[in-house]
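Read the structure below first, then the notes.
Proteins get letters first, then strands, A, B, ... in listed order; numbering begins at 1 in each.
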Number of protein chains: 2
Amino acid sequence: MRETDGGLAMEPRNRYEELARAVSAFGAVKRGLARVLPVDCQGASAAVLALLKHHGDMRMGRLAELMSVDMSVCSRHAAHTVERGWVERLPDPDDGRSRILRLTPDGLAMLTELDRRVTDAFTRHLAEWSDDDVDRLTTLLARLRDSFGDCRATHA
Amino acid sequence: MRETDGGLAMEPRNRYEELARAVSAFGAVKRGLARVLPVDCQGASAAVLALLKHHGDMRMGRLAELMSVDMSVCSRHAAHTVERGWVERLPDPDDGRSRILRLTPDGLAMLTELDRRVTDAFTRHLAEWSDDDVDRLTTLLARLRDSFGDCRATHA
DNA sequence: TATTGTTATACTCTATAACTATA
DNA sequence: TATAGTTATAGAGTATAACAATA
C-alpha cells in the first residue's frame with residue numbers, strides 16, 4: 001500500500017471539520033470586537049443602528065430577517081435603541097399593526113462613534129493584512145451566511 | 001469637482017465597516033450549526049471534545065486558551081463533559097493543583113456523531129462551494145482569529 | 001506570595017409561548 | 001382567521017470576584 005504523504009497512514013482529512021473548528025473559534029473575534037464598544041451600547045444595539053443606516057428605514061420583521069433572529073429578540077433590541085433615543089418608531093401608513101424604524105440624529109452620531117472604534121480596532125489588529133485579503137474574507141463570510149440561508153427556527 | 005463613480009458623490013467606502021457587518025451577521029451561521037447538535041450535547045461541549053481530540057490531552061488552562069474564554073467558563077464546560085462521561089480528569093504528575101483532561105471512548109464516540117452531523121450540514125448548505133473556497137474561508141477565519149490574538153480580558 | 005482551578009453571581013443574547021392589536 | 005409586534009420566561013454562554021488548594 002503506497003502512501004503519498006511520506007509513509008504515514010493519516011486520517012482522511014475532512015475539510016468540513018476544519019471549517020467547523022474555525023467557525024467555533026470565531027466567537028473570540030466577536031467578543032474582542034464587542035469589548036471596544038461603549039458601555040451603554042451593546043453589540044445588538046450596534047447591529048440595529050448599522051443595519052438601519054445601511055438599508056434605510058424598515059419594519060421590525062425586516063430587521064429581524066436581516067439579523068436572522070426571532071422577531072421577539074429583535075423587538076427587545078429595537079426597544080433598547082429607542083429608549084436611548086437612537087431610533088424612533090413612526091406609524092406605518094400601509095399597516096396599522098406595524099411601525100417604521102428610523103435612525104435619529106443621535107443614533108447616527110452614536111453609529112459614527114461605533115464605526116470609529118471598530119475601524120480603529122481592525123486597523124490595529126489587521127495591520128499585516130492586505131486590502132484584498134480583507135475583502136476576500138468579507139465576501140466569503142457574506143457568502144457563507146447566504147449559503148446557510150435563514151436558519152431561524154420555524155415555530156409553526 | 002469630478003467624480004469617477006458615475007457622477008454620484010459617494011460616501012468613502014470603509015472596508016472595515018463592511019467586515020464588521022459580516023462579522024456581526026456571522027452569528028446566524030453559528031446558530032444554524034448549533035441546531036444540528038444532539039440535545040444533550042451543547043455547542044460548548046462539542047468544542048471541548050473537538051479540541052481534546054485535535055490537540056490531545058491537556059490542562060484546563062490550555063483548553064481555556066484554545067477556546068479564548070476565561071478559565072472559569074472553561075471549567076464549567078469541562079465539568080459538563082465530565083458529568084456525561086465524555087472526558088476524564090487525570091492527576092497531573094507535574095503539578096498537584098492541576099488535572100489532565102482526556103477524551104474517553106464515549107467522548108470519542110460522541111465526537112464521531114457530532115462530526116457526522118456537522119459534515120452533513122455543511123454538505124447540504126455548501127453544495128455549490130468549491131473545495132478551494134472552503135479551504136480559503138477556513139484559512140482566513142483562522143488567520144483572523146490569530147490576528148485578534150487572545151482578546152480575553154485580563155483581570156489583573 | 002503567586003498560580004491552578006472551582007463556584008457564585010450577574011449580564012448578554014436567543015428561543016418559545018402567550019398575548020394584544022390590526023388586516 | 002392570520003399576521004405584526006410585544007412581553008414573560010427559560011436556557012446557553014460569558015465575565016468578574018471570591019474562594020480552595022498547591023507551588
Side-chain angles (χ1 to χ4, degrees), chain A residues 24-35 37-48 58-65 67-83 87 89-101 150-156, chain B residues 24-35 37-48 58-65 67-83 87 89-101 150-156:
Chain A
S24 173
F26 190 75
V29 176
K30 290 200 77 168
R31 291 196 296 280
L33 217 48
R35 205 160 284 124
L37 299 180
V39 284
D40 62 335
C41 183
Q42 306 170 339
S45 296
V48 170
M58 68 182 78
R59 323 197 324 174
M60 191 66 65
R62 165 86 171 127
L63 184 58
E65 206 174 307
M67 296 180 76
S68 293
V69 296
D70 190 85
M71 215 192 312
S72 66
V73 175
C74 192
S75 179
R76 285 182 59 107
H77 293 324
H80 195 263
T81 63
V82 170
E83 282 166 20
V87 169
R89 293 194 248 228
L90 308 174
D92 183 344
D94 297 333
D95 190 334
R97 298 169 300 181
S98 172
R99 283 181 293 179
I100 302 294
L101 299 173
D150 194 335
C151 275
R152 290 177 296 172
T154 57
H155 42 109
Chain B
S24 174
F26 190 76
V29 175
K30 290 201 77 169
R31 292 195 296 278
L33 217 47
R35 207 161 282 124
L37 298 180
V39 284
D40 62 334
C41 183
Q42 306 169 340
S45 296
V48 169
M58 68 182 80
R59 319 193 332 171
M60 191 66 66
R62 165 85 171 131
L63 184 59
E65 206 174 308
M67 297 180 76
S68 293
V69 296
D70 190 85
M71 216 192 314
S72 66
V73 175
C74 192
S75 180
R76 285 180 60 107
H77 294 324
H80 195 264
T81 63
V82 170
E83 283 166 20
V87 169
R89 292 194 249 227
L90 308 173
D92 183 344
D94 297 333
D95 189 335
R97 297 169 300 181
S98 172
R99 282 182 292 179
I100 303 294
L101 300 172
D150 194 335
C151 275
R152 291 177 296 173
T154 57
H155 42 109

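Nucleotide dT4(C) holds its P atom 11 Å from the CG atom of D92(B), rounded to whole Å. Atom pair R99(B):CZ and dT6(C):C1' shows a separation of 9 Å (rounding to whole Å applied). At whole-Å resolution of the value, CE in M71(A) and P in dC19(C) are 18 Å apart. Per the geometry, CZ belonging to F26(B) stands 18 Å off P belonging to dC13(C), to the nearest Å. One can place CG of L101(B) at 8 Å from P of dG5(C), the figure rounded to the nearest angstrom. Atom CG of L63(B) is separated from atom C1' of dT4(C) by 14 Å (rounded to the nearest Å). Regarding D40(A), its CG atom lies at a distance of 15 Å from the C1' atom of dC11(C), rounded to whole Å. Put simply, CZ on R59(B) is 13 Å from P on dT3(C), counting in whole angstrom units.
Below the 3.5 angstrom threshold, one finds a donor paired with an acceptor across the side chain of S72(A) and the base of dT16(C). Between the base of dT22(C) and the side chain of S98(A) there is no donor-acceptor pair shorter than 3.5 Å.
Across all their heavy atoms, A46(A) and L37(A) have their closest contact at CB-CD1, 4.5 Å. The two residues I100(B) and P91(B) come nearest to each other via the heavy atoms CG1-O, 4.1 Å.
More than 12 heavy-atom neighbours from other residues, nucleotides or ligands sit within 6.0 angstrom of CZ on R31(A). For R89(A), the CZ atom counts as densely surrounded, since its 6.0 Å shell holds more than 12 non-hydrogen atoms of other residues, nucleotides or ligands.
In this structure the side chain of M60(B) reaches within 4.5 angstrom of the side chain of L101(B), judged on heavy atoms. Between V48(A) and M67(A) there is a side-chain heavy-atom pair separated by less than 4.5 Å.
Interatomic distance, H80(B) NE2 to H77(B) NE2, rounded to the nearest 0.5 Å: 9.5 Å. If you take SG on C74(B) and CD on E65(B), they are separated by 10.5 Å, rounding to the nearest 0.5 Å. The distance from the CE atom of M71(B) to the CZ atom of R59(B) is 8.5 Å, given to the nearest 0.5 Å.
In this model, the phosphate group of dG5(D) is not approached by any side-chain N or O of R89(A) to a distance below 4.0 Å at OP1 or OP2.
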Mind listing the N/O atom pairs, protein and nucleotides 18-23 of chain D, below 3.5 Å?
{"from": "dA23(D)", "atom 1": "OP1", "to": "G96(B)", "atom 2": "N", "distance (Å)": "3.0"}

All N/O contacts under 3.5 Å from nucleotides 12-14 of chain D to the protein, with atom names and distances to one decimal?
{"from": "dA12(D)", "atom 1": "OP1", "to": "Q42(B)", "atom 2": "NE2", "distance (Å)": "2.9"}
{"from": "dA12(D)", "atom 1": "O5'", "to": "Q42(B)", "atom 2": "NE2", "distance (Å)": "3.1"}
{"from": "dG13(D)", "atom 1": "OP1", "to": "G43(B)", "atom 2": "N", "distance (Å)": "3.3"}
{"from": "dG13(D)", "atom 1": "OP1", "to": "A44(B)", "atom 2": "N", "distance (Å)": "3.2"}
{"from": "dG13(D)", "atom 1": "OP2", "to": "Q42(B)", "atom 2": "OE1", "distance (Å)": "2.8"}
{"from": "dT14(D)", "atom 1": "OP1", "to": "R31(A)", "atom 2": "NH1", "distance (Å)": "3.2"}
{"from": "dT14(D)", "atom 1": "OP2", "to": "H77(B)", "atom 2": "NE2", "distance (Å)": "2.8"}

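Heavy atoms of M60(A) sit under 4.0 angstrom from primed sugar atoms or phosphate atoms, though from no base atom. Looking at heavy-atom distances under 4.0 Å, R62(A) makes no contact with the nucleic acid at all.
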